[in-house]
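Reckoned from all heavy atoms, side chains included, excluding hydrogens, waters and symmetry mates.
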Amino acid sequence: MLIIFFVTLLDVMPRALQYIPIFAPTQDSTRLGLGLFGSIITLSGLLIGFLLNQAQSNFREVQTLVS
């Protein structure tokens, strides 16, 4: 039930905010948002890769200590 609430909120909230004049998207804000989105995705990918590498390293270390 909580998942349905959040999915609905994430679907309805942006549509409701577009009707408020101060939150209406402009060409500049859309361009800025797309530029930031690319940077955030790149940094997230690097972070996930680093964390996966650390997890594998920790797993190998624990496996060595156990054996």
Side-chain angles (χ1 to χ4, degrees):
M1 188 145 166
L2 188 63
I3 293 172
I4 293 171
F5 170 74
F6 281 115
V7 167
T8 305
L9 182 69
L10 289 173
D11 185 45
V12 172
M13 187 65 96
R15 294 179 193 186
L17 287 177
Q18 286 181 354
Y19 293 112
I20 300 173
I22 196 168
F23 293 121
T26 62
Q27 290 288 2
D28 291 335
S29 66
T30 303
R31 194 174 326 120
L32 177 65
L34 290 174
L36 289 176
F37 183 73
S39 300
I40 290 170
I41 293 299
T42 302
L43 289 175
S44 297
L46 290 173
L47 180 64
I48 289 171
F50 172 74
L51 292 175
L52 180 61
N53 186 14
Q54 285 296 110
Q56 288 177 343
S57 174
N58 290 341
F59 180 74
R60 278 190 223 112
E61 185 177 332
V62 169
Q63 193 174 24
T64 304
L65 289 173
V66 169
S67 64

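Phe37 belongs to a hydrophobic cluster whose other members, connected by ILVMFWY side-chain contacts under 4.5 Å either directly or through intermediates, are Ile41. Taking a 4.5 Å side-chain heavy-atom cut-off between Ile, Leu, Val, Met, Phe, Trp and Tyr, the cluster of Val7 extends to Ile3.
A single hydrophobic cluster is seen to contain both Leu2 and Leu9, as judged by linkage of ILVMFWY side chains at heavy-atom distances under 4.5 Å, directly or through other members.
Shown here are the side-chain hydrogen bond (donor to acceptor under 3.5 Å, both in side chains) partners of Asn58, two or more places apart in sequence or in another chain: there are none. Every side chain to side chain contact (heavy atoms under 4.5 Å, CB included) that Leu17 has, sequence neighbours left out, goes to Met13, Ile20, Phe23. The side-chain hydrogen bond (donor to acceptor under 3.5 Å, both in side chains) check on Thr26 picks up Ser29, with sequence neighbours excluded.
The line from CG of Leu43 to CG of Leu36 is 11.0 Å long, rounded to the nearest 0.5 Å. Rounding to the nearest 0.5 angstrom, the gap separating the CD atom in Gln63 from the CD atom in Gln56 is 11.5 Å. If you take OG1 on Thr64 and CZ on Arg60, they are separated by 9.0 Å, rounding to the nearest 0.5 Å.
Residue-environment remark: CD (Glu61) stays at or below the threshold of 12 foreign heavy atoms within 6.0 Å.
Pairs of residues two or more places apart, or lying in two chains, that qualify as salt bridge (charged side-chain N to carboxylate O under 4.0 Å, His left out) and include a residue from residues 9-25 are Asp11-Arg15.
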